[in-house]
Structures are given as structure tokens and as C-alpha cells.
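Have a look at the structure below, then the notes.
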Amino acid sequence: MASQALTDYERQRLENIRRNDEMLAALKLQSKASELSAASKRQRVETKSEKVYPKTKPKKETPMVLRRSLRARGIPPDAKKLVDIDDLTESATKIRKSETKSMSSPRVLGPLEMVEVCSERESHPSLIESILGVLSKSLLSRSGKEELVDDVKEFKMGGRNGNFSNEVEIEGGGDGNCLKMDPIDNYSNLIKRVTEGLISDVKDPLLSSIKMEHKNDGSCLKPASLVLNADNIARVVPGRIMAVRFFPCLDSKMIVVGNKFGEVGFWNADHEGEEGNGVYLYHPHSGPISGISIQRHALSKVYTSCYDGFIRLMDVEKEMFDLVYRNEDTIFSLSQQSNDANCLYFSEGRGGLNIWDKRTGNCTMEWTLHEDRINSIDFNVGNSNIMATSSSDGTACIWDLRSVSDEKPQTLKTITHKKAIHSAYFSPSGRFLATTSFDDTVGIYGGVNFKDTSLIPHDNQTGRWISSFRAIWGWDDSYIFIGNMKRAVDVISRAYRKRVFVLQSPKISAIPCRFDAHPYDVGTLAGATSGGQVYMWTMSPDI
């Protein structure tokens, strides 16, 4: 009955539905769709479960290390620990950064073989042979000319053999506060008589110059007689030179320099027949060289100090750079008394001065003398107990080592500048003191208690790329030599209290900033630059 009630249209519609269902059933689309849907669901679930998120790494916190020196911890320096490799503490591995990282050398504890730190190992035997040759010549001549020259110098400076009192004395037996600089009675007559007696028996250029000094009222040379020849110019080290020294011997012109990279260079100006123009380069330190010391009676031993807190002894006979002292604080200057080869005087940290004794291997004295770093240390030749220090705190002080106390050191004389003082050096006679300050002055002090003061204007603004100027004395008390920012050398007269001459040459390509006068060869002056060059002026035979 129901089928009879359907119209043709409805019947056709039902037929189409049935036929479509059959077609869909034949294609099995439903089952395919179900399988595909199920497969896609399983893949999404698996992907979600296998996804791994990276774990957040905890930030590493750099521990803050408070550096404390041995002095602050109350521990005396012990030289026995210098070669102990197990004594590598965290503080020891914190190296002070040099001005140039690319040229720095690793901070090595213990001794170094010279050949291992030589830039050209083939040239190393030549340096050893040269220094040993200089040493042998010095030993042969010491009993002759050198002793006679020393005797003359001792008489010129007031005597050190007990026949008459020193020209530099401490009133009150060394316990007072007055520094006496008056000449002794009949000084001129005694010097004239002794000097003429010594010179009459020996003919020597240096002794002749000493005799001329007496006749020419204290001047042993004319600045115009200094000349710069092309053969006396050499690039000894790369980069800025911080220290320069002549080997203190009669028959040689050997120069040693140290630069800001920790390299030590040697230049034998008498290099005839040597390879590399007589230049030898070594790298024993990891930071700027702050001081070089050579004793005339031990030419085979060269002490060098560095900003990295190391002091090394270059022993030519052992061919080693021995490490004799190390500490965490920076070492800014180094010096020795002329009559004592066993003790080193060096400044450390902010105003500290230490005395290291080779015989014990320890520091025998530690003082705090200034409020800031000590830039130079110098001793009076007439009385080695009198010491001068200059500091960045704007003061230069004169001390008597016999009366310096540990608790509160008292100075014999305090000199003040408006800015940092880079150097303070005694004159060859010990009667005058010359200072170089960043306040654009060169100071000359003399008389009783060094009360006679003269400040000579001079441009000392060298900037950050040039080593600071340090005025040095020549071969007597007449002239002071200091660098000039116009690639020259200014010559200042003590008597006239002004610049009287300028050493200029077209051969000078950089500003000479650090100087040293040959202790035995009058007229031989070395000037070092921030480019590693060394210029050596000599006395012209025509003048």
C-alpha cells in the first residue's frame, strides 16, 4: 500500500539513492576514509609524544675572586716556592692584561732556557759569545784603567775610602732630619792634587775628559759634539720600549732594552762580523718590562722586572732565565746599589718598596713609602744609603735607608709636583736631583737639604702611545737629557736652568723617550723610542 501511494518522482528518487549507495559500497570509500582518518590520528599522537623540548641550561656565574697580596695576608714571600709547579693557585692564573694581546707570552712559572725563548735560535750562541767576550775584556781591564777611573770618581764625589768624609752626609749621625750637601774643606785643592797625580801616570781618553772637567768648571763635553751616525741606529724590539740600559763596561757598547710585550732585546753596537746586525731578541716575560739592572762586577747576570709580578735573572753562563721572585702585585721599577750586587730594590703595588736578598732568596724589608705606584728608584753615588723615589702621587722623596722604620717611614726630603712624577735621579756627584713630572716641568734641586729649587718648563705630555719622558743626567752635573715631542732630544743646562741645545737629525724617525748614558764612555748616549728603535749618539772626533 505504501508503494502504491508513491509518485513516480519519489520512486525515481529512491532508485537513485539505492544506485548511489551501491556505487559507494563498490568503491569502499567509507572504509578508506576511516582508515585514512585513523592513520592521521595515530601520526598526530605519535608526533606529539615524541617532541622533545631542549632543556634550559643554567647560567654559569663567574665567581668573584678577591686578589690579596702576600703582604695583605701576612705571608712572607718564599723563594723556595718559585719553582714549585704544584703551587698554581687560582689567583696565580689571573694574568694582568698586556697592552697588546696578540704579542703576549704565557705566564710561565719556573726557569726558562734562553734558547727556548729566543726568536731566532740560530743567533743565540752569538749573543752568549758576545757577552762572555765582554766579560773577559772587563776582567782583564778591571785591574788597570777601571780601577783608576773609579779612584778618580771617588775623589771627585767626595771619597768613599775613609780618607775624608762623604760630600753627602746626614747631620746628627744619621738619625736627624737634615741632609747636608756642603762640600768638604779644601775640596777643590784635594781633588786637583789627587786627580793630576793619577792622570800624570796614565793616558786615557776618559781620564783626559775628567781632567778637562776640572778645568772647564764642571763641563766635560759640549752638547754640539754629540752626533748620530746611520750605523748607530737599530730596531732592537717590536713595539714600545719601556727600559734601556748600557752594559757597564769599558770596552763595549752593548745595549739591553725591554718592551711592553715582555720581550728583552740586546744590541751589540760593536757587531762587526755578527749575524743580524748584532740584534738578539728574547721573550721571557708576559707583560711590560718595568726595569733592567746590570752590575758592573757581574756582567753575565741581567735582572729584569715585569708588570706580571715576576723578576727574572738572565744568567749567561747557565743560559737560563731564572725566576727569582714572583707575586700577584705589579712591579713598576727596579734598581740596585752600585756597591751591592746581592740586593734588589723594587716597587710593588701602590707605594710599596721591597728589598730582595739573593743570599736568602727572600724579601728582607717591605715598606709602604708612597700613596701610589713608585715609578723610579735611584741611589746617591756618594752615599749609597741615600735613596730617591718618585711616585704617581705627585711626590719625590729622599730617604736614608738606615733610619727608615717599618711602622712610619720618615723622609729626609719631600718634593711635590702638581701631577705624577715619572722619575727622580741623582746627579753623578750626588749633589743634585732631577725630577720629571706630568705637570710639564723638569725640576732641579741642590744645596743644603736640596732646598735650591728650579723648575724648567718642558712638554711632558707624551700620550698613551709613547713611554713617559724621564730626564737623565749625563756624565757630570752639567747637563740633563730628555726627549722632545718633535723627534729630538733636549739638553738642559743645570747652571743656566734652561734648555741650551737640541739634538736633532733627519735620521730620527720616532720620538726618543727613554735614555741611558754609557757609564764609562763619555759622549755615548742611547735613546729608545716607542717603535722599538734605539739611537746611539757618540762624541764627534772633529769637535
Side-chain angles (χ1 to χ4, degrees), residues 94-105 107 235-245 257-265 281 283 285-292 304-310 329-334 347-351 370-377 389-396 417-425 435-443 457-472 481-490 508-516 526-535:
K94 294 178 70 62
I95 305 171
R96 292 174 180 82
K97 294 182 179 179
S98 177
E99 296 181 26
T100 303
K101 297 180 180 179
S102 59
M103 300 285 291
S104 62
S105 174
R107 195 172 188 239
R235 184 181 295 275
V236 184
V237 293
R240 186 199 310 182
I241 294 178
M242 310 288 291
V244 55
R245 285 289 181 272
V257 301
N259 69 358
K260 68 175 183 178
F261 303 126
E263 293 169 310
V264 178
L281 184 63
H283 203 162
H285 290 281
S286 63
I289 304 295
S290 57
I292 300 173
T304 56
S305 61
C306 180
Y307 279 22
D308 61 6
F310 283 8
D329 295 328
T330 302
I331 298 176
F332 293 107
S333 56
L334 177 71
S347 64
E348 189 176 53
R350 295 180 60 86
H370 288 270
E371 296 180 359
D372 207 337
R373 55 181 281 183
I374 297 176
N375 296 314
S376 69
I377 305 168
T389 57
S390 66
S391 174
S392 295
D393 62 6
T395 64
H417 280 261
K418 295 179 181 179
K419 293 184 179 180
I421 302 178
H422 300 307
S423 65
Y425 297 130
T435 61
T436 309
S437 175
F438 201 62
D439 63 2
D440 289 338
T441 59
V442 174
H458 188 271
D459 182 11
N460 297 328
Q461 305 300 315
T462 55
R464 62 175 299 185
W465 304 114
I466 301 175
S467 298
S468 58
F469 287 156
R470 295 184 179 183
I472 69 163
F481 298 87
I482 187 172
N484 186 309
M485 291 299 292
K486 296 181 179 180
R487 297 180 182 179
V489 182
D490 290 333
I508 301 177
S509 60
I511 300 173
C513 48
R514 296 292 167 87
F515 296 89
D516 191 37
T529 72
S530 291
Q533 302 100 330
V534 176
Y535 304 105

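Note: hydrogens, waters and symmetry copies are ignored here, and every other heavy atom, side chains too, is used.
- Remark: Arg245 engages no residue in a salt bridge (charged side-chain N to carboxylate O under 4.0 Å, His left out) (not counting sequence neighbours).
- Qualifying side chain to side chain contact (heavy atoms under 4.5 Å, CB included) partners for Cys306, counting only residues two or more places apart in sequence or in other chains: His285, Asp308.
- Side-chain atoms of Asp516 do not come within 3.5 Å of backbone N or O of Ala526 as any donor-acceptor pair.
- When the side chain to side chain donor-acceptor pair (under 3.5 Å) test is applied to Ser376, the partners found at least two apart in sequence or on another chain are Ser390.
- No donor-acceptor distance shorter than 3.5 angstrom exists from the side chain of Ser467 to the backbone of Cys513, with no hydrogens or angles considered.
- Using a 4.5 Å heavy-atom cutoff, the side chains of Lys419 and Asn460 are not in contact.
- When the salt bridge (charged side-chain N to carboxylate O under 4.0 Å, His left out) test is applied to Asp372, the partners found at least two apart in sequence or on another chain are Arg350.
- Partners of Phe438 by ring pair (Phe, Tyr, Trp, His ring centres under 6.0 Å), not counting sequence neighbours, listed by chain and number: His422.
- With sequence neighbours excluded, the residues that form a side chain to side chain donor-acceptor pair (under 3.5 Å) with Arg514 are Ser468.
- Remark: Ser333 engages Ser347, Ile374, Ile377 in a side chain to side chain contact (heavy atoms under 4.5 Å, CB included) (not counting sequence neighbours).
- Residues satisfying the ring pair (Phe, Tyr, Trp, His ring centres under 6.0 Å) test with Phe481, not counting sequence neighbours, are Trp475.
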Could you list the donor-acceptor pairs under 3.5 angstrom formed between side-chain atoms of residues 483-490 and any protein atom two or more places apart in sequence or on another chain?
| residue | atom | partner | partner atom | Å |
| --- | --- | --- | --- | --- |
| Asn484 | OD1 | Lys486 | N | 2.7 |
| Asn484 | ND2 | Asp490 | OD1 | 2.8 |
| Asn484 | ND2 | Asp490 | OD2 | 3.2 |
| Asp490 | OD1 | Arg499 | NH1 | 3.2 |
| Asp490 | OD2 | His458 | NE2 | 2.8 |

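- Taking the side chain to side chain donor-acceptor pair (under 3.5 Å) definition, one finds that Asp459 meets it with nothing, sequence neighbours left out.
- No donor-acceptor pair under 3.5 Å is formed between the side chain of Asp439 and the backbone N or O of His417.
- Contacts of Ser530 classified as side chain to side chain donor-acceptor pair (under 3.5 Å), with partners at least two apart in sequence or in another chain: none.
- Residues satisfying the ring pair (Phe, Tyr, Trp, His ring centres under 6.0 Å) test with Phe515, not counting sequence neighbours, are none.
- Between Val236 and Asn259, the closest side-chain pair of non-hydrogen atoms is not below 4.5 Å.
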